[in-house]
**Q** 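Pasting a structure below so you can have a look.
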Amino acid sequence: MEDPIYQFARRIREASRISVLTGAGVSSASGVPTFRGEEGLWKSYSPQELATPEAFERNPKLVWEWYDWRRGLISGCRPNAAHDVLSLWSKRYPEFTLITQNVDGLHEKAGTENVIRFHGSIWEVFCRDRCRSSPERWVDETVPLEKIPPSCPYCGGLIRPAVVWFGEGIDNDVLAKSTAALDCDIFMTVGTAAVVYPAAGLVDAAHQRGAFTVEINLEATSASGAVDLSIQGPAEDILQKVEDLLSQNTDT
Ligand code: OAD
């Protein structure tokens with residue numbers, strides 16, 4: 001039987017349209033905590049108290065303190081080999097789309113092109129009241145924040161992180177671009193537990209549209225049984241090995 005890494009490299013070589021969905025596991029080697037699993041954020045923190053619009057209404061200070069802590073942590077993190085390889089591919093393959101559930105900005109920091117931020121960005125904010133004078137969203141990379149909760153510079157009300165919280169929908173524009181990316185030759189899902197919808201449904205949808213689907217994860221997930229190829233191991237190692245094969249230009 002063909003080695004899965006070779007098979008993966010061969011499929012990439014044969015593809016012209018490549019789409020990728022990433023999750024927290026891709027940033028794990030950079031030191032950004034994942035959400036689930038033994039060391040996951042949701043072991044120590046409650047999503048209901050920190051990542052819902054209701055939690056923000058109830059206690060904006062608490063929510064902002066948590067985001068301020070995460071922003072501080074992420075600001076010290078650098079892209080790892082998984083980000084770097086995906087960035088390289090985004091430049092090499094003309095029809096490459098990367099959909100990320102991560103809000104950390106590390107794919108952008110690695111120079112990746114054509115990134116769709118499915119769950120927004122921890123480095124952007126918007127006015128909670130959507131006041132008339134404020135832009136739809138804007139970048140704020142202050143670490144640590146000078147005041148918690150921070151105020152809207154346009155109306156003096158509250159601003160909130162431009163991330164998607166539980167119970168909120170995905171931007172129409174983001175959904176449309178992600179749906180377009182499902183029409184591809186190879187769709188890979190990397191470092192995600194594949195439990196949060198609608199992101200978790202993308203790999204199946206791509207499969208139904210005829211894409212060859214690949215999962216890379218440390219362990220089996222709910223997506224493993226449905227993909228064409230499931231590779232278990234650290235994304236930073238596997239993607240690097242595949243890139244080594246591709247760049248050696250050997251017959252894979
Ligand atoms: P999770 O924390 O749920 O899952 C991370 C996945 O990465 C797990 O399946 C791990 O096995 C895997 N993993 C960890 N380290 C890895 C490595 N080095 N290489 C490969 N795989 C590795 O994170 P997500 O699936 O991204 O949403 O979570 C999805 C969403 O749930 C997040 O975007 C966030 C969260 O609640 C919102 O906040 C709306």
Side-chain angles (χ1 to χ4, degrees), residues 1-15 18-43 74 77-93 96-104 106-107 109-112 115 118 181 184-196 199-204 206-207 211-252:
M1 215 172 80
E2 190 179 15
D3 180 311
I5 305 252
Y6 276 70
Q7 194 184 349
F8 184 20
R10 179 172 57 77
R11 288 284 177 168
I12 292 180
R13 208 188 277 285
E14 289 165 0
I18 300 176
S19 298
V20 187
L21 170 71
T22 65
V26 159
S27 294
S28 158
S30 296
V32 181
T34 59
F35 293 95
R36 295 171 187 82
E38 280 312 303
E39 312 269 297
L41 288 172
W42 296 150
K43 273 265 176 206
I74 293 166
C77 296
R78 297 286 158 258
N80 64 62
H83 299 107
D84 290 341
V85 169
L86 291 170
S87 168
L88 200 68
W89 293 354
S90 77
K91 297 181 185 103
R92 181 187 298 155
Y93 304 108
F96 179 98
T97 308
L98 187 143
I99 306 163
T100 187
Q101 297 167 87
N102 301 343
V103 296
D104 56 32
L106 290 180
H107 285 299
K109 211 168 216 172
T112 316
V115 176
F118 208 76
C184 58
D185 302 312
I186 179 164
F187 188 100
M188 49 191 113
T189 169
V190 190
T192 172
V195 291
V196 175
L202 295 175
V203 64
D204 260 353
H207 188 78
F212 183 83
T213 52
V214 182
E215 177 185 61
I216 302 172
N217 199 297
L218 280 185
E219 57 192 29
T221 73
S222 52
S224 307
V227 292
D228 294 305
L229 184 64
S230 170
I231 306 179
Q232 280 183 25
E236 57 280 13
D237 293 352
I238 289 168
L239 291 173
Q240 188 59 62
K241 277 186 193 149
V242 173
E243 172 49 23
D244 290 346
L245 286 173
L246 291 171
S247 59
Q248 279 162 16
N249 215 19
T250 48
D251 256 346
T252 54

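Position 1 is the first residue of the sequence; numbering continues from there.
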**Q** Looking only at heavy atoms, what is the nearest atom pair of Pro234 and Leu218, with distance?
**A** N-CD2, 3.6 Å

**Q** Between Cys77 and Ser30, what is the shortest heavy-atom contact and its length?
**A** SG-O, 3.3 Å

**Q** I'd like to know whether Met188 forms a side chain to side chain contact (heavy atoms under 4.5 Å, CB included) with Ile12, so could you lay out the CA-CA distance, the side-chain angles of the two residues, the decisive distance to 0.1 Å, and finally the verdict.
**A** CA-CA 10 Å; Met188 49 191 113; Ile12 292 180; 4.2 Å; yes

**Q** Could you pull out all residues at least two apart from Ser19 that satisfy side chain to side chain donor-acceptor pair (under 3.5 Å)?
**A** none

**Q** Side chains of Trp89 and Ile18: does their closest heavy-atom pair fall under 4.5 Å?
**A** no

**Q** Among Leu86, Val26, Leu106, find the one that has a side-chain contact (heavy atoms from CB on, under 4.5 Å) with Pro79.
**A**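 Checked Leu86, Val26, Leu106 against Pro79; only one passes side-chain contact (heavy atoms from CB on, under 4.5 Å): Leu106.
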
**Q** Phe212: which residues meet the ring-ring contact (aromatic ring centres under 6.0 Å, His included) condition with it, sequence neighbours left out?
**A**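 Applying ring-ring contact (aromatic ring centres under 6.0 Å, His included) to Phe212 gives none.
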
**Q** Minimum heavy-atom separation for Gln101 to Gly23, with atom names?
**A**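 Shortest heavy-atom separation between Gln101 and Gly23 comes out as NE2-CA, 3.9 Å.
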
**Q** Is the closest side-chain heavy-atom distance between Thr189 and Thr213 below 4.5 Å?
**A** no

**Q** Name the one of Thr221, Thr192, Val195 that satisfies side-chain contact (heavy atoms from CB on, under 4.5 Å) with Arg36?
**A**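 When Thr221, Thr192, Val195 are each tested with Arg36, the side-chain contact (heavy atoms from CB on, under 4.5 Å) holds only for Val195.
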
**Q** Under 4.5 Å between any side-chain heavy atoms of Gln7 and Leu229, yes or no?
**A** yes

**Q** Rounded at 0.5 Å granularity, tell me how far CG in Asp3 sits from CZ in Arg10.
**A** 11.5 Å

**Q** Has Asn80 got a side-chain atom pairing as donor or acceptor with Ala82's backbone, closer than 3.5 angstrom?
**A** yes

**Q** Applying side chain to side chain contact (heavy atoms under 4.5 Å, CB included), run through Phe118 and Thr22 and close with a yes or a no.
**A** CA-CA 10 Å; Phe118 208 76; Thr22 65; over 6 Å; no

**Q** Work out which heavy atom in Ala220 is nearest to a heavy atom in Gln232; give both atom names and the distance.
**A** N-NE2, 3.4 Å

**Q** Can you tell me how far the NE2 atom of His83 sits from the CG atom of Leu98, to the nearest 0.5 Å?
**A**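 Here the interatomic distance stands at 9.0 Å.
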
**Q** Should the pair Phe35 and Trp42 be assigned to parallel (<30°), tilted (30 to 60°) or perpendicular (>60°) ring geometry?
**A** tilted

**Q** Phe96 and Val20: side chain to side chain contact (heavy atoms under 4.5 Å, CB included), yes or no, with the steps?
**A** CA-CA 8 Å; Phe96 179 98; Val20 187; 3.7 Å; yes

**Q** Of all heavy-atom pairs between Ala235 and Val190, which one has the smallest distance, and what is that distance?
**A** CB-CG1, 3.6 Å

**Q** To the nearest 0.5 Å, tell me how far Leu202 CG sits from Phe187 CZ.
**A** 5.0 Å

**Q** Would you indicate whether the side-chain heavy atoms of Ser224 and Glu219 approach each other to under 4.5 Å?
**A** no

**Q** Report the distance from atom OG1 of Thr112 to atom CG of Asp84, rounding to the nearest 0.5 Å.
**A** 8.0 Å

**Q** Kindly indicate, with the supporting measurements, whether the criterion side chain to side chain contact (heavy atoms under 4.5 Å, CB included) is fulfilled by Leu21 and Val203.
**A** CA-CA 8 Å; Leu21 170 71; Val203 64; 5.7 Å; no

**Q** Give the minimum heavy-atom separation between Ala223 and Ala194, together with the two atoms involved.
**A**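 Taking every non-hydrogen atom into account, CB-CB, 3.9 Å.
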
**Q** Under a plain distance cut-off of 3.5 Å, with no hydrogens placed, do His107 and Ser27 share a side-chain donor-acceptor pair?
**A** no

**Q** Is the shortest heavy-atom distance from the side chain of Val85 to the side chain of Val242 under 4.5 Å?
**A** no

**Q** Under 3.5 Å, is there a donor-acceptor pair between the Asp244 and Gln248 side chains?
**A** no

**Q** To the nearest 0.5 Å, what is the distance between CZ (Arg13) and CG (Leu245)?
**A**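 Taking CZ in Arg13 and CG in Leu245, the distance rounds to 8.0 Å.
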
**Q** Which pairs, with at least one residue in residues 226-243 and sequence neighbours excluded, count as a salt bridge (Lys or Arg N to Asp or Glu O under 4.0 Å)?
**A**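 Found Arg92-Glu243.
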
